[in-house]
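Atoms within a ligand are numbered from 1 in the order they appear, just like the ligands themselves. In this text the structure is predicted, and so the values were computed from the model without any measurement. Only this structure's heavy atoms are used, side chains among them; waters, hydrogens and symmetry mates stay out.
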Amino acid sequence: MTAMENQTSFKLPGWLVLLLALTLTIPAGYLFSAMHEQEPIVAGPGVTQIKMLSDYEPAMLNTPADTPVYILEGEEPGATVLIFGGTHAQEVSGLLAAVVTIENATLQKGRFVVIPQSNQSGFTYTEPLEGFPHTFNIETPFGQRWFRNGMRLTNPIHEWPDADIYVHRQSQEHLVGWEGRNLNRAYPGHPEGTYTQRLASALLKVAEIERADVVLDLHEAYPEYPIINMLVAHERAFELATLAMLGLQMEGIQMDLMPSPKGLRGLSHREFGDELDHVHAILTETANPAMGRLRGRTDEQLIVEGKDENYVRAAEQGRLFVPFTEEGHPLAERTARQVATIHEVVNAYNDAQPDAISLEGLPTYADIMQNGLGAYLLEPVIN
Ligand SMILES: [Zn+2]
């Protein structure tokens, strides 16, 4: 008997192969599509309106880029602060700071416009072979609240394939191909560009239509990255950011400041300031060990508690740009740092333009450190 005859005798009927394939792919499909479900966010007492990005840019309607825009408007007119969380969906302290603001802050004067999931696509996947959890939970007085851990870039199913080299449209600056899916390299964007460029253009339109005085883009970086626990400010916002940094340091919160490099294009702290003459553009960075290459076991605990022995050892060897002890950098502390920055930017703005914004209810750094993050998350009503 030849090998060929031997194989044929074990041939499975086609219908059975098809059935087996469907048995595997249908549940896997459901699992994957569940990743497109968004975490619940509760409109707190200060939210006066919920819009969608497509209300500003109709081309976003029925696209995966459409995302909620929460408006907290005081009775008296004043300055407008536009806050972006989730530009990079993996940098979860930005998302949580936006959520804490939406669920707690009330303005008497001025406005907050808050977009918690700025690149909605980044929340719909995690990179293969990296072992990232898709979600994480935070303990609250009413039980657990779940949130998504996404990725830094747009999901490849929404923008594919990557070019070998990404060329920033307006400056012709060259970057590695996948950076084409990086919202924070795409500004000012283009209404006829790729998914990420169209999204960037729509977000810029929000700042323009709302006449934002301040754009605050909340980020995180891995502890071995030099730009960390840092504010990066456009030259128009530099004085404002300096005052905010001093305010933070007086509270004992170490944050440094760097000027937005003029030649580094596509970033929010550069393009919002260059495109719109009313905007003071500032970007923040806190330290997230779950993003770093030195991280150990990558689980929900690492995201929420931020403790990692590898990083303690790396800090002892002077390899990091932030202190890293056994205490780690818990999500509560990182979110408290972002929220404290929102407070201090408002205080600094009020120094320059007296009483431009009057704000209540937003917890302070000390509040979150003392009572935990869960104390400032509301209970979602499930229909
Ligand atoms: Zn980032």
Side-chain angles (χ1 to χ4, degrees), residues 65 67 82-99 114-127 130 132 136 147-155 159 166 168 173 175-176 178-189 195-197 199-200 203-204 215-234 237 241 255-261 264-273 281-293 295 298 303 306 320-322 329 331 334-335 337-339 341-342 345:
T67 192
L82 172 57
I83 300 171
F84 293 132
T87 293
H88 294 147
Q90 192 178 13
E91 302 167 13
V92 289
S93 79
L95 165 72
L96 263 299
V99 171
V114 190
I115 307 184
Q117 301 125 323
S118 298
N119 189 359
Q120 198 65 259
S121 169
F123 287 91
T124 60
Y125 78 115
T126 54
E127 272 164 35
E130 290 280 347
F132 290 116
F136 58 93
F147 293 92
R148 277 213 180 282
N149 182 55
M151 288 288 105
R152 178 171 170 269
L153 304 175
T154 294
N155 188 336
E159 187 176 327
Y166 164 55
H168 178 253
E173 192 176 272
L175 288 169
V176 60
W178 65 72
E179 290 290 86
R181 287 183 288 118
N182 182 350
L183 174 58
N184 206 29
R185 297 295 180 278
Y187 290 116
Y195 166 97
T196 309
Q197 290 162 5
L199 170 62
L203 292 168
L204 196 92
V215 168
L216 198 53
D217 190 11
L218 310 176
H219 288 250
E220 295 202 278
Y222 41 92
E224 60 271 38
Y225 186 67
I227 300 166
I228 204 147
N229 282 352
M230 184 89 83
L231 305 174
V232 187
H234 185 267
M255 281 291 249
D256 292 322
L257 171 63
M258 72 171 270
S260 165
L264 200 57
R265 298 291 306 274
L267 293 103
S268 65
H269 51 73
R270 167 61 32 216
E271 307 296 342
F272 278 81
I282 302 174
L283 180 145
T284 66
E285 297 277 6
T286 61
N288 181 348
M291 292 167 62
R293 292 264 50 115
R295 69 180 194 273
T298 311
I303 295 171
L320 303 183
F321 292 86
V322 279
H329 285 282
L331 180 55
R334 284 142 49 201
T335 305
R337 193 176 274 274
Q338 302 275 24
V339 172
T341 304
I342 297 174
V345 166

Checklist line | Whether Arg270 side chain and Leu267 backbone form a donor-acceptor pair below 3.5 Å | finding: no
Next item on the list: Output the atom name for the N/O/S atom of His219 with the smallest distance to the Zn ion (ligand 1).
Entry: ND1
Checklist line | For the Zn ion (ligand 1): the N/O/S atom of His88 at shortest distance | finding: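 Per the distance ranking, His88 contributes ND1 as its closest N/O/S atom to the Zn ion (ligand 1).
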Ion pair present between [X] and [Y], side-chain N to carboxylate O less than 4.0 angstrom?
X: Arg185; Y: Glu179; result: yes
X: Glu130; Y: Arg293; result: yes
X: Arg337; Y: Glu220; result: no

Check: Does Glu91 put an N, O or S atom under 2.8 Å from the Zn ion (ligand 1)?
Finding: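 So Glu91 counts as coordinating the Zn ion (ligand 1), yes.
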